[in-house]
Asker: 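Could you have a look at this structure, given as structure tokens, before my questions?
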Amino acid sequence: MKAYRSMVLVSSDPESLDRGALDVFNTLQKSITAFGLEEEISLSMISDLNKKGLDPLVLVYPDAVIYGSVTPQDIPHIVEEHLYKGRVVEEKQVSPYDLTGRVAWLSARKGTLPAENRIVLKNVGLIDPENIDEYIIAEGYESLGKVLREMPPQEVISEIKNSGLRGRGGAGFPTGLKWSFVAGAKGDKKYVICNADESEPGTFKDRLVLEGDPHAIIEAMMIAAYSVGADEGYVYIRGEYGLAISRMKHAIEQARAYGLLGKNIFGTDFSFDLHIHAGAGAYICGEETALIESIEGNRGEPRTRPPYPTTAGLWQKPTLVNNVETLANIPAIIRNGAAWYKAIGTPSSPGTKVYTILGNVNVTGLIEVPMGITLREVISIYAKGMKNNSTFKLAQTGGSSGSIIPASLQDTPMDFDSYSKAGVSLGSGALLICNEEVCVVDLAKVLLNFFRVESCGKCNPCRIGNKRSYEILSNISEGVGTLQDLKNLQTMSDQLYDLSNCGLGQTAGSPLRDILAHFRAEVEAHIKLKVCPAGVCPMSGRRAHQID
Amino acid sequence: MIKLTIDGKTIEVQEGTTVLGAAEAAGVYIPTLCHHPQLTPYGGCRLCMVEVEGAKTLQPSCTLPATDGMVVNTKSQKVLDARKFILTLIFSERNHFCMYCQVSGGDCELQNRAYDEGMTHWDLQPNWQPYEVDASHPFIVLDNNRCILCRRCVRACGELVGNYTLGFEERGANSSLVADYDVPLGESTCVSCGTCVQICPTGALIDRQSAYQGRETDVEHHISVCTECAVGCQMDILTRDNRLVRIEGDWDAELNHGLLCKHGRFLPLEDDRPRLLTPMVRKDGTLKAATWDEAFKAIADNLGKGKRLGAIASTRLPAEDLALFKSIFADQLDAGVVTSLEEGAATASLSALADQLGKSFESNLTTLKDTDVVLSLELDLVDEHEVAGFFVKRQLQNGTTLIVADSKPNQLGDKAEIKLPLKAGGEADFLNALLAAVEKGSSDIDLDNAAKALKSAEKPVIVYGVDFAHNASEAALDTLMTLAEKTGAALVGVKGKSNSLAAAQLNLDIPFTVDGLSTAYVLLGDEEPSQKLVKALESVLFVVAQAAYGSQVTGKASVVLPVGNWAEQSGTYLSLDGRLQKAVKSINPPEGILTNHEVLLKIAETLSVSPDMDWKASLMARIPTVAIQEA
């Protein structure tokens, strides 16, 4: 394959196309050819750069320069100055910090922020995700080759175990241990599933990997399959991720064409094939057993455990289910060794974590940082402080099933064990950062509404409990709550944890528990004083059932 | 074996037992709602949660496998609080105002559980959202307001019946029970077997016939056997004040374990034919009410003996009655023709084969429950012998291959993996071709696939219908035997009505011809006579009709003898696979009416004959097609 000196990306979201991105692209192509640079510079369209009002965007790598509001008329100048002569055209350049945090945002600032450490997002935004050659040049499929040729399955599992990698889907289960369960399970047929049904609100880390580096997932799944003795895999991608699905499809086709998927890979006995299964919009299908049910064509309802998927998963065969982010760590661990990986992050939670930062901060977006940094660091360093110098009130982690972190915990290291000791959860890696303008009752109401709608409906505590909790919170926010309601909410939270069938129900009550533990006075003000201190709640005096 | 401790009691159970099962064995009661012994554990209602030492949260005992050394507590405050919490949630979810519900007062599992836990009220604001009641079905009312979303009906419809009509739409708090893709139940793919009604723990699925007719505390139960078809399902007949209230499947029945079809469950209660309530004798051309004595005198005066007498009986009569009938008319009166209404259509050739072979060659119906390949020959199991059809249908999800060969449209055809053309009368050719395919393959892809499937199957079954048994020549049956031998297939013939096999054993399996007959004795029992019979009897001068209901035969008969119907008599039935089962009398007949058996005894007395009373010996005199097992 060819190696390029520079890569140029043109935004191709609907807004950009509306504003003539296609013309820009075509002009670029002509212009690059005119300067005889077609052998040196690659050109592609890319979606999700998202800078409102400045479309279309043109990105130049490896310089990570972003040009905004580009018209075809600007192109000859940009090509001549930047690509031919190497001088940035400053008058068309736009700040990366205003981008809403997708591919461009993080790529543009690679290395510009302290302590950022790219493992999961190593290639994202830097290679053409639709070109397998670029992945191969970036050390791609090297780890697979190494594993298939040099390492017996047991050794791979030991390496993963030694790395201390823990599942990034939210629960933090040791990955190597899970692999060893599947490897040790009896079965003539085994499956590997990549859980790419990223449905936690505010979380879009997996999407970035799927869209920007799909081959990394394929490679990791094959390493996993080889280690546990599987020969077939599924990537379960949430249906809304159209681009991720098409990129993954394309990547699978390319890998097949290169003989990287199929029979006797690398001339060994190992065979593996991969399918894509698109989700249909249910949050619950991110739960691994519901996901398996969904692949089997059934209603997406979590199974009861035991048996666990590691012994009886897809079609009742031993099945390994790993999250996208977890898998994206695998090739790097194999390439660089467990010791290297273990040196990053904290001893009990090695490695990095990708966070999506949202809320009342100056910069929102994605960061990949070592495990163990604190919320205060995230806010001050990566998010460039609170918006309008407002005061930090709380952060909500991990999408809906995470925790509400009060200011008192903002110096707690963000790793699985420290958070679990503090009674909170790291969740999936979304960080919704809120200032004093956010009302905790309203926040909990929004979260409970989500669970009310997204519960699968199988078990009573989750199906009914979330609905009743939502109604109680609505009553409080309308100013008709009672102190008995608080007792009921506490009971709901405790019982949901104790009685629910799956993680959704078990964690659905945590917002209730958290607001009562950390913000009780604010909640009580709604009831006793009929006042919402943040000024958010409607306090209309109507009851929940009169409203919806 | 596994040893565990439940509430301080140490017990040993088999590996694979759930904690709930272990608790039952230890005599520890754990309340449940979504659990049902006939269904795969689901773990949805969370009422059976127990405390397990070492577990972070409470655990559902219905799905949790017992493990060695496990310590379980079912009575801790935490468990009791959890139960009340779950019940509170359920009561708050939909309209559970018990006093308006038909199952309230003992029949509702939800209400009973709440009483068990000492609940008097619930703390949460109840639901305000009403649901439409679906009363579109002829037998079933679906009331989502009473539903607790336990999925028993959905699982029963799929797992037990293999019909998959019921399901859930939407998710979370909006989840709702629907038929097919949310069509009215009456317009759905429902086959009206009623299993969902029987398994519903609340009043969400009730049946129209028995609603508000009597609670559990008001009714009497009679475990009996269905007298419709030869499958021989065991059933529970619920009566109140000498009235049929409802028919349910018997969950403990070995074969059908709770399943019935509409013919067994609903249709018997729909019977609105006019009941015969008094004996009648034709005088001066018109039928007039008479006393029993007058009726028997007319019979003594007119009913002939020997070749000019014919006798025909229903195959839905108890074996005792059929044996008595046969003894009186064939053995004692030497009637010219003595047979059954089915005239041996499904049995004659098979019985002849058993005679010829000198052994039984058919298998039990239970083979259909775990077969991996079924070949169905001229038999629509959706239409007849439905419960056997359920066994096949529900197996399909487990990968069982269904091969349908039929000359007519077959409703199971859509579900068949392989469909083979079979011409009526071409049974021998068809079986020869299939046998050849089994032996050396075939160029016909379907035939070859069918042959391969049968050959490679572990437990193949060939099941054939009445038409097949009727049309198949001796040669065809020979080929069938060879085919079964070569493939190791079990053979099951569905026979027909509830006592067809008994009739065959008694040689009541010859064609009914009226040529030369001057008198006839027609024992209809509950049966509606066919037009063919009505026409045939037109030329017979003196006809005695013994029947429960008025029909064209009784209307034209010279003497009519009213008898009790299926529910008003006891007797023995021989199922298609040789199970001898007792049907019990569940209600008393209307006054002045005799049972079929009593009338036959009177006839014997009237005609001064002494019949053989050992019905069982008569039944066993002939080599049966399938081994007879006594209950």
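Every heavy atom of this structure was used, including side-chain atoms; hydrogens, water molecules and symmetry mates were not. Owing to the predicted nature of the structure, the values given are computational and were not obtained by experimental measurement. Chain letters run A, B, ... following the sequence lines, proteins first, then strands; residues in each count from 1.
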Asker: Does any backbone or side-chain atom of Glu169(B) lie under 4.5 Å from a heavy atom of chain A? Answer side chain, backbone, both or neither.
Answerer: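 Only the backbone of Glu169(B) comes within 4.5 Å of chain A.
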Asker: Does any backbone or side-chain atom of Glu170(B) lie under 4.5 Å from a heavy atom of chain A? Answer side chain, backbone, both or neither.
Answerer: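 Contact with chain A involves the backbone of Glu170(B) alone.
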Asker: Relative to chain B, which segment of Ile472(A) carries a heavy atom at a distance below 4.5 Å: side chain, backbone, both, or neither?
Answerer: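 Side chain of Ile472(A) only, per the 4.5 Å heavy-atom cut-off to chain B.
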Asker: If the test is side-chain contact (heavy atoms from CB on, under 4.5 Å), which one of Cys456(A), Cys502(A), Pro302(A), Ser500(A) qualifies with Cys462(A)?
Answerer: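 Exactly one option meets the side-chain contact (heavy atoms from CB on, under 4.5 Å) with Cys462(A), and it is Ser500(A).
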Asker: Measure Ile148(B) against the heavy atoms of chain A and call it side chain, backbone, both or neither at under 4.5 Å.
Answerer: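 For Ile148(B), backbone heavy atoms alone lie under 4.5 Å from chain A.
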Asker: Sort Asn488(A) into side chain, backbone, both or neither according to what part of it lies under 4.5 angstrom from a heavy atom of chain B.
Answerer: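 Just its side chain gets close to chain B.
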Asker: Taking atom types as modelled, is there a side-chain donor on Ser176(B) or Tyr131(B) under 3.5 Å from an acceptor on the other?
Answerer: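 No, Tyr131(B) and Ser176(B) have no side-chain donor paired with an acceptor closer than 3.5 Å.
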Asker: Just checking Gln484(A): does its CD atom have more than 12 heavy atoms from other residues, nucleotides or ligands closer to it than 6.0 angstrom?
Answerer: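 More than 12 within 6.0 Å, yes.
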Asker: Would you say the side chains of Ser92(B) and Arg468(A) form a donor-acceptor pair under 3.5 Å?
Answerer: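 Indeed, the side chains of Ser92(B) and Arg468(A) share at least one donor-acceptor pair under 3.5 Å.
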Asker: Non-hydrogen atoms of chain A under 4.5 Å away: do they reach the side chain of Lys56(B), the backbone, both or neither?
Answerer: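 Both the backbone and the side chain of Lys56(B) come within 4.5 Å of chain A.
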Asker: My understanding is that only one of Asp370(B), Thr371(B), Thr400(B) makes a side-chain hydrogen bond (donor to acceptor under 3.5 Å, both in side chains) with Lys459(B); could you say which?
Answerer: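 Passing option: Asp370(B).
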Asker: Pick from Asp498(A), Thr491(A), Val453(A), Asn501(A): which one has the most heavy-atom pairs with chain B under 4.5 Å?
Answerer: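 The answer is Asp498(A).
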Asker: Does the pair His275(A) and Glu232(A) meet the rule for a side chain to side chain donor-acceptor pair (under 3.5 Å), with working shown?
Answerer: CA-CA 8 Å; His275(A) 317 280; Glu232(A) 202 172 348; 2.6 Å; yes
Asker: Of the listed residues (Asn475(A), Thr304(A), Leu499(A)), which shares the most heavy-atom pairs with chain B below a 4.5 Å separation?
Answerer: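 Option with the top pair count is Leu499(A).
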Asker: Less than 4.5 Å to any heavy atom of chain A: does that hold for the side chain of Leu149(B), its backbone, both, or neither?
Answerer: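 Contact with chain A involves both backbone and side-chain atoms of Leu149(B).
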Asker: Lys467(A) versus chain B, heavy atoms under 4.5 Å apart: side chain, backbone, both or neither?
Answerer: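 Contact with chain B: side chain only.
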Asker: If we ignore hydrogens and angles and just use 3.5 Å, is the side chain of Asn466(A) paired with the main-chain N or O of Leu448(A) as donor and acceptor?
Answerer: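 Not a single qualifying donor-acceptor pair exists.
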Asker: Quiz question: by atom type and distance under 3.5 Å, do the side chains of Arg155(B) and Tyr42(B) form a donor-acceptor pair?
Answerer: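 Arg155(B) vs Tyr42(B): no donor-acceptor pair found between side chains.
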Asker: With only heavy atoms counted, which part of Ile86(B) is less than 4.5 Å from chain A, the side chain, the backbone, both or neither?
Answerer: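 Just the side chain, heavy atoms under 4.5 Å.
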